[in-house]
Number of protein chains: 2
Amino acid sequence: MKRRVTLKQIAKELGVSVSTVSKALRNSKEIGQETTEKIQAFAKLYNYKPNSIAISLQNRKTKNIGVIIPEIVHHFFTTVITGIEKVANEAGYNVIVCLSDESFDKEVINMETLANSSIDGFIISLSKDTQKRRDFHHLREVINQGMPLVMFDRVSDEIYCDKVIVDDAQGAYKAVKYLLDIGCKKIALISTADYLSVGKLRTMGYKNALEDSGIEYDENLVLKIDDMDYCQEPIADLFQREKFDGVLAVNEIFAVTAMREAIKTGYKIPNDISFIGFTDGLLSKHFYPRLTTVNQHGFEMGNIAARMLIDKLEEIEEEEHYRTEVIKTTIVERESTRPY
Amino acid sequence: MKRRVTLKQIAKELGVSVSTVSKALRNSKEIGQETTEKIQAFAKLYNYKPNSIAISLQNRKTKNIGVIIPEIVHHFFTTVITGIEKVANEAGYNVIVCLSDESFDKEVINMETLANSSIDGFIISLSKDTQKRRDFHHLREVINQGMPLVMFDRVSDEIYCDKVIVDDAQGAYKAVKYLLDIGCKKIALISTADYLSVGKLRTMGYKNALEDSGIEYDENLVLKIDDMDYCQEPIADLFQREKFDGVLAVNEIFAVTAMREAIKTGYKIPNDISFIGFTDGLLSKHFYPRLTTVNQHGFEMGNIAARMLIDKLEEIEEEEHYRTEVIKTTIVERESTRPY
DNA sequence: TTGAAAGCGCTAACAC
DNA sequence: GTGTTAGCGCTTTCAA
């Protein structure tokens, strides 16, 4: 086992000073050609690699980006991370991922740890817990310290920073319109609790679309589910209780669970009933029938979020100027709405 | 925007020396109580947080763990990451995730960047490309430099280090036995290319189980698919070509694609034909019918991998002693093999 | 053309 | 008890 060589060691071996080595390795024209060559050859031989910690300390930049998300076992978030990684790596940044596990406390702890000079900036999507409490002091704090922060998807109006979101309301609106267009008359909505920004916005889109089409909003057709792991029962119950011929679900799990109930109930999809879900993940692509979805373009979101952050870090974008980028959702048509 | 305070600033403000502040903040009994209190109060007021970069430089530890995986949009890998995060965070480590994107070159680049003092140790699962080329010089290099490395799932015999794997062969063996037990007579295998350690091992398990049960291995019932995104055609073809009443698939996508073909062909699942897949992800849990799977316990794998690495880092485990932990797969029975 | 010295923020051995 | 000094690995004046 050979330890990494340092500038100092090279300098000693070669009988020159540390600063000479440092300069030579970076091709400074201050240093004579002969010396430069000698030093570079030696460095190569011993496989010299600059210590990035020392460099970070020196110029107070880490070239690390901190990403805090609620969970990673979730197709949408992983596509966003993939998008962040791509842009970040291309710009020479590493990505440190922390999971808040939907908990406010963990979110705060993660932010604090990372903020202590582990990273240059944050990309974050709020935990459910944080959205419920509406306590954003930890975000304010890092912003105050001059650390750039970009929020995506689960954002808050109360914080001024760059944001990337999808047009959740519009997306839901388009989905409902689409269902109406293909002939649905009664459309159910399976959503999450309202304190989640996305749940609320999508519900709004649903309502607006109905209204604009002169259809009365019927509370009985709307389900608000809090716990993802416990959705089958309320959904089955909905099918017992009501008759409808279209379903909009705010995620693919709800959508697929509903399709299962529909099939069990004896409906033919999409002939008797059509389905659209948010989150264009594996389930949507592979379920039978495949699910028509509102694609949130997670990869692009990640790209943009990373781009925004890096622009701030490298001062391409001025500090006090905040943008909110809204990504257009698109509908991916599949078997759950289109005869196949 | 207020910059973070440093020890130096506190020292200056309070008219004491830096080392006094440093000691006082860490409750050294060398420092008088009065001074200590004064300093701590001041630090608290100005929200002093030690600069972790400086500390890293000082003790040549970063408290970061580097994780390199082929992709993140993959249920198995995300569960492993979740497992790693948990153990790592509890031990005060951050996790830096890098994606190799199944490419050898990216894997090498990622390793090199991280190895330049960004992290204390690696957890890695090899890219397909690396397994195909059998070029492991980058792994050897970091090990040589004294950086601990733990491999999981996609490992190589040629490298000496700690490893966490599942009993892939055994898992496949058990799955086939299970299918035979519930009455299957002809079992097809849908696998990946053989250069992937897991594909090979699972195929081996399949063969052994048949052999031990006195059933002849029939090449025509075995599919080797290289490209995940292009599996429907060969699978459909298999259903055209052959008759069988059981299927073992090495991942849930293949399994689910096969179920779709079976249903289209008019089979009833599980009455006419039964299915088992590896990877116990969302698809398995939510498909209709739900898929019986060989669970690889990704979360536990992550836990163990992180534990192993940290034990090495904190010298709880001696340097030159390498373990290979084999995790037992378990079969999760669901609707695809059991009448419901 | 080269090198000495200071400094990034912190810790620790050793003086006072 | 408190301070001085050196040093982690590197960059960057500034002097020689």
Side-chain angles (χ1 to χ4, degrees), chain A residues 2-40 42-43 46-64 113 115-120 145-147, chain B residues 2-40 42-43 46-64 113 115-120 145-147:
Chain A
K2 41 173 198 212
R3 266 227 145 335
R4 309 184 84 88
V5 282
T6 65
L7 287 191
K8 202 175 173 183
Q9 291 165 24
I10 298 183
K12 200 165 124 198
E13 290 296 320
L14 261 39
V16 292
S17 81
V18 177
S19 55
T20 304
V21 179
S22 170
K23 287 171 190 159
L25 288 179
R26 298 189 298 121
N27 283 314
S28 161
K29 56 234 144 295
E30 278 182 50
I31 306 298
Q33 189 178 337
E34 207 182 328
T35 329
T36 302
E37 277 168 10
K38 184 178 66 180
I39 292 175
Q40 292 194 349
F42 190 92
Y46 282 90
N47 191 29
Y48 170 78
K49 293 278 163 41
N51 179 319
S52 58
I53 292 288
I55 294 178
S56 296
L57 181 60
Q58 174 78 357
N59 48 218
R60 272 158 293 181
K61 295 235 181 312
T62 62
K63 284 282 189 175
N64 287 158
T113 338
N116 294 334
S117 356
S118 299
I119 58 161
D120 297 337
Q145 277 164 168
M147 184 166 283
Chain B
K2 39 170 201 213
R3 267 227 143 340
R4 311 183 83 87
V5 283
T6 65
L7 287 191
K8 202 175 173 182
Q9 290 165 25
I10 298 183
K12 198 166 127 199
E13 289 297 321
L14 261 39
V16 293
S17 81
V18 178
S19 59
T20 305
V21 179
S22 171
K23 285 171 190 159
L25 288 179
R26 297 186 298 119
N27 283 313
S28 160
K29 56 230 144 294
E30 279 182 52
I31 306 297
Q33 190 178 336
E34 207 182 326
T35 327
T36 302
E37 277 168 10
K38 185 179 65 180
I39 292 176
Q40 292 195 350
F42 190 93
Y46 283 90
N47 193 26
Y48 169 79
K49 293 278 164 42
N51 179 319
S52 57
I53 292 289
I55 295 179
S56 296
L57 181 60
Q58 171 78 359
N59 48 217
R60 272 158 292 183
K61 295 235 180 313
T62 62
K63 283 283 190 173
N64 286 158
T113 338
N116 294 335
S117 356
S118 299
I119 57 161
D120 297 338
Q145 277 164 168
M147 185 166 283

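Throughout, a chain's letter reflects where its sequence line sits, starting with A, and its residues are numbered from 1. In what follows, every heavy atom counts, from backbone to side chain, and hydrogens, waters and symmetry copies are set aside.
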For D:dG9, does either OP1 or OP2 sit under 4.0 Å from a side-chain N or O belonging to A:R4?
no
To the nearest 10 degrees, the angle between the two end axes of the helix from C:dT1-D:dA16 to C:dC16-D:dG1 (five pairs per end) comes to 60°
What is the distance, to the nearest angstrom, from the CZ atom on B:R26 to the C1' atom on D:dG1?
16 Å
Are the side chain of B:Q145 and the backbone N or O of A:R4 linked by a donor-acceptor pair below 3.5 Å?
no
Which one, D:dT12, D:dC8, C:dC10, comes nearest to the side chain of B:I55?
C:dC10
Which nucleotide in the set D:dT2, D:dG9, D:dC10 lies at the smallest distance from any side-chain heavy atom of A:L57?
D:dG9
Listed pairs, N/O of protein and of nucleotides 3-5 of chain D, under 3.5 Å:
residue	atom	partner	partner atom	Å
D:dG3	OP2	B:S17	N	3.1
D:dG3	OP2	B:T20	OG1	2.5
D:dG3	N7	B:S19	OG	3.2
D:dG3	O6	B:K23	NZ	2.4
D:dT4	O4	B:S19	OG	3.0

Would you indicate, yes or no, if C:dG9 has its OP1 or OP2 atom less than 4.0 angstrom from a side-chain nitrogen or oxygen of A:R60?
yes
From CD1 of B:I31 over to P of C:dT11, roughly how many Å is that when rounded to an integer?
13 Å
Going from CD on B:E13 to CD1 on B:I39, what distance comes out if it is rounded to the nearest 0.5 angstrom?
12.5 Å
Whole-Å distance, B:I10 CD1 to C:dT11 P, equals 11 Å
Want to settle it: does A:S22 or B:G32 sit nearer the 5' end of DNA chain D, counting the closest nucleotide to each?
B:G32
Counting any heavy atom closer than 4.0 Å, what does B:S56 reach on the DNA or RNA strands: base, sugar-phosphate only, or nothing?
nothing
Select base, sugar-phosphate, or nothing to describe what A:T35 touches, counting heavy atoms under 4.0 Å on all strands.
sugar-phosphate
For B:N51 and C:dC8, what is the distance between atoms CG and C1' respectively, to the nearest whole Å?
9 Å
How long is the straight-line distance from CG of A:D120 back to OG of A:S56, given to the nearest 0.5 Å?
7.5 Å
Trace of the side-chain hydrogen bond (donor to acceptor under 3.5 Å, both in side chains) decision for A:N51 with B:S117:
CA-CA 6 Å; A:N51 179 319; B:S117 356; 3.2 Å; yes
Would one find more than 12 heavy atoms of other residues, nucleotides or ligands at under 6.0 Å from atom NZ of B:K61?
no
Could you give the CG-to-C1' distance, from B:N116 to D:dC8, as a whole number of Å?
17 Å
Are any of A:K8's side-chain N or O atoms less than 4.0 Å away from OP1 or OP2 of D:dC8?
yes
Integer-rounded Å distance: C:dA4 C1' and A:L7 CG
15 Å
Give the rounded distance in Å between these two atoms: CD of A:Q58 and C1' of C:dA5.
13 Å
Test your reading of the model: is there a side-chain donor-acceptor pair from A:T36 to the backbone of A:G32, 3.5 Å cut-off?
yes
Separation of A:E34 atom CD from C:dT2 atom C1', in whole Å?
14 Å
